[in-house]
Amino acid sequence: MECYLAVSCLKGFLCQQLFLFIIWLSSFQDVAALQTLLDESHVPSTSERANPPITGLFDPIEISPAVIPQNPYPGESVPPLYPTFPPPYEPNLTGRCPVNFSALSSIMEKTASDCSVPLAVLVGNVICCPQLGSLLHIFQGYYNSKSDNLVLQTAVANDCFSDIISILASKGANRTLPMLCSVKPSNLTGGSCPVKDISRFEKMVNTSKLLEACSAVDQLKECCRPVCQPSIMEAALLISGAQMTMSENRNVIGQPAHVDSINDCKGVVYSYLSKKLPEEDANNAFRILSSCKVNKVCPLEFKQPSEVIKACRNIGAPSPSCCSSLNTYIGGIQKQMLITNKQAIICAMEFGSILRKGGVMTNVYELCDVDLKDFSIQEAYGQQGCLLRSLPADVILDNSTGYSFTCDLTDNIAAPWPSSSSMSSLTLCAPEMSLPALPSSEKQRSIGM
């Protein structure tokens with residue numbers, strides 16, 4: 001079932017609480033840096049209470065920035081990132097980046113929405129950073145649209161990168177995007193890639209094959225039956241020179257210098273695609289490729305679960321102490337970020353493998369009723385979790401309804417327990433993929449979460 005989790009407060013107290021809870025969770029991540037950057041934000045001095053829902057059960061839940069609830073703890077200081085929506089302003093640009101940014105206004109607006117101040121930290125891995133990466137690729141191609149170059153010179157790259165971040169921040173994006181998404185001006189320069197112009201690129205690469213593979217990427221097939229990804233890698237290997245030296249030394253591809261060169265050359269390939277494809281087609285392709293990448297790994301951090309291992313080792317039946325310890329640990333995980341349904345499967349398997357290595361052989365997920373949605377951020381005071389879709393998605397900014405994004409709520413799908421302590425056999429591609437079955441009946445939690 002699909003639901004809309006909107007950050008806007010026209011319908012319902014529950015949604016107000018969900019948004020407040022998400023914002024409160026954001027305050028735990030890099031509070032000092034983010035608080036400094038939010039000095040120009042303001043906390044609403046007045047607010048209105050939301051009206052009860054008047055439409056069907058599965059209609060979009062909307063929360064408007066104009067109807068932000070009052071701080072529920074007036075005696076305490078306002079937590080960082082409490083619902084504040086900084087107004088747009090004129091950015092202070094360097095004046096040394098010779099680009100008409102208005103020509104890129106559409107993708108700039110999309111990126112600013114996807115990386116908005118209230119949500120960037122929570123959706124950075126799945127939505128914000130993939131879209132920011134796509135913007136940088138497209139900017140790189142646009143900057144060189146009237147020249148033979150595929151990259152920017154270092155000095156200009158520094159100025160243009162600064163201007164891009166300033167423009168995004170002026171439209172409501174988080175100012176810490178370079179740190180959050182690990183991007184830097186050198187991403188626009190081609191780095192150590194030896195080929196940085198179209199003439200040499202087209203002499204070395206079968207560009208017809210490359211464009212055919214990446215002009216219309218199939219979001220349902222690319223991640224498991226890739227077409228564009230191997231074409232990009234083939235082109236990167238060719239222009240990096242690694243393919244010629246691989247036959248001479250089989251280990252050369254694993255050397256750090258060659259890995260960096262190949263990655264830099266992949267950026268050059270993306271720049272070429274950005275020059276040749278329409279902006280929307282390029283953005284769609286890059287976002288799909290990013291979704292393939294992020295859905296292969298679990299982005300959550302697991303601290304050593306010593307207490308869980310101690311409480312759950314050598315049990316064969318539901319144990320209050322085991323379930324209490326497990327649920328407390330998972331409650332800490334739920335403060336990190338929103339993840340996708342596929343990431344939740346990988347995270348559940350990864351954490352289960354950690355427990356098995358510690359000696360927990362029994363499926364404690366089943367004993368304690370741990371579901372996939374328990375690995376993502378939860379609603380305040382409720383049982384419902386939000387798993388984002390594994391397909392590319394965007395945060396929607398509307399002047400009347402506020403920020404919103406789509407949750408892929410999949411009821412109570414049991415978290416999969418690994419058959420061994422190894423993760424090497426896990427695959428999420430059909431026909432190999434085997435998803436956990438829906439529970440046949442509702443189970444009573446041993447210890448409620």
Side-chain angles (χ1 to χ4, degrees), residues 99-115 126-152 160 164 167-168 171 181 183 187-188 190 193 195-198 201-202 205-236 238-239 263 265-295 340 388-397 405-406:
V99 167
N100 177 16
F101 282 102
S102 61
L104 297 169
S105 60
S106 177
I107 192 169
M108 296 286 280
E109 292 284 354
K110 180 191 290 287
T111 307
S113 295
D114 285 351
C115 298
V126 180
I127 297 178
C128 171
C129 295
Q131 180 55 44
L132 177 60
S134 179
L135 167 63
L136 293 177
H137 292 316
I138 290 172
F139 175 84
Q140 194 174 353
Y142 175 77
Y143 180 89
N144 295 297
S145 59
K146 296 182 180 180
S147 74
D148 189 53
N149 296 322
L150 290 171
V151 302
L152 281 68
C160 290
I164 290 171
I167 293 173
L168 293 177
K171 296 178 181 295
C181 300
V183 293
N187 293 130
L188 301 172
C193 185
V195 176
K196 299 181 179 181
D197 60 87
I198 290 183
F201 185 94
E202 292 184 336
V205 175
N206 184 342
T207 55
S208 297
K209 177 184 176 182
L210 174 65
L211 292 173
E212 181 180 0
C214 297
S215 60
V217 180
D218 190 326
Q219 65 178 359
L220 297 179
K221 297 179 180 179
E222 180 66 26
C223 295
C224 291
R225 305 290 183 269
V227 176
C228 180
Q229 295 173 82
S231 295
I232 290 176
M233 178 56 76
E234 179 183 357
L238 284 170
I239 63 175
N263 287 334
C265 286
K266 286 178 69 175
V268 173
V269 178
Y270 278 113
S271 178
Y272 180 83
L273 290 172
S274 298
K275 292 188 70 165
K276 297 298 181 179
L277 298 179
E279 179 183 302
E280 185 175 352
D281 291 349
N283 189 62
N284 288 339
F286 299 158
R287 286 297 305 276
I288 292 170
L289 300 183
S290 292
S291 71
C292 295
K293 180 178 179 180
V294 301
N295 282 297
T340 69
L388 300 173
R389 296 182 296 181
S390 57
L391 297 177
D394 293 298
V395 173
I396 306 301
L397 173 60
F405 55 88
T406 303

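Count residues from 1 along the sequence.
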Counterpart residues, side-chain contact (heavy atoms from CB on, under 4.5 Å), relative to [X] (two or more places apart):
X      : result
Leu391 : Gln219, Leu220
Lys110 : Asp114, Gln131, Asn283, Asp394
Ala216 : none
Ser106 : Glu279

Can you find a pair of side-chain heavy atoms, one from [X] and one from [Y], that are under 4.5 Å apart?
X      : Y      : value
Ser271 : Val151 : no
Phe139 : Leu152 : yes
Leu289 : Cys228 : yes
Val217 : Asn284 : no
Leu238 : Val195 : no

To the nearest 0.5 Å, how far apart are SG in Cys214 and OH in Tyr272?
->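 Going from SG on Cys214 over to OH on Tyr272, the span is 11.5 Å.
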Which is it for Lys196 and Asn149 under the side-chain contact (heavy atoms from CB on, under 4.5 Å) test, yes or no, and what are the steps along the way?
-> CA-CA 6 Å; Lys196 299 181 179 181; Asn149 296 322; over 6 Å; no
Run the side-chain hydrogen bond (donor to acceptor under 3.5 Å, both in side chains) test against [X] and tell me which residues pass, sequence neighbours left out.
X      : result
Tyr270 : none
Asn295 : Thr340
Asp218 : none
Ser145 : none

Pairs in or reaching into residues 205-215: which pass side chain to side chain donor-acceptor pair (under 3.5 Å), with residues at least two apart or in two chains?
->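 Residue pairs passing side chain to side chain donor-acceptor pair (under 3.5 Å), neighbours aside: Lys209-Glu234.
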Passes side-chain contact (heavy atoms from CB on, under 4.5 Å), Tyr143 versus Leu188? Steps please.
-> CA-CA 10 Å; Tyr143 180 89; Leu188 301 172; over 6 Å; no
Identify, with sequence neighbours excluded, every residue that meets salt bridge (Lys or Arg N to Asp or Glu O under 4.0 Å) alongside Lys221.
->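 Partners of Lys221 by the salt bridge (Lys or Arg N to Asp or Glu O under 4.0 Å) criterion come out as none, since no residue qualifies.
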Pairs satisfying salt bridge (Lys or Arg N to Asp or Glu O under 4.0 Å), at least one member in residues 131-141, at least two apart =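 Sorted pair list comes back empty.
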For Thr111 and Ile107, indicate whether the former's side chain and the latter's backbone hold a donor-acceptor pair under 3.5 Å.
->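 Yes, the answer is positive, given that a donor and an acceptor are paired below the 3.5 Å cut-off.
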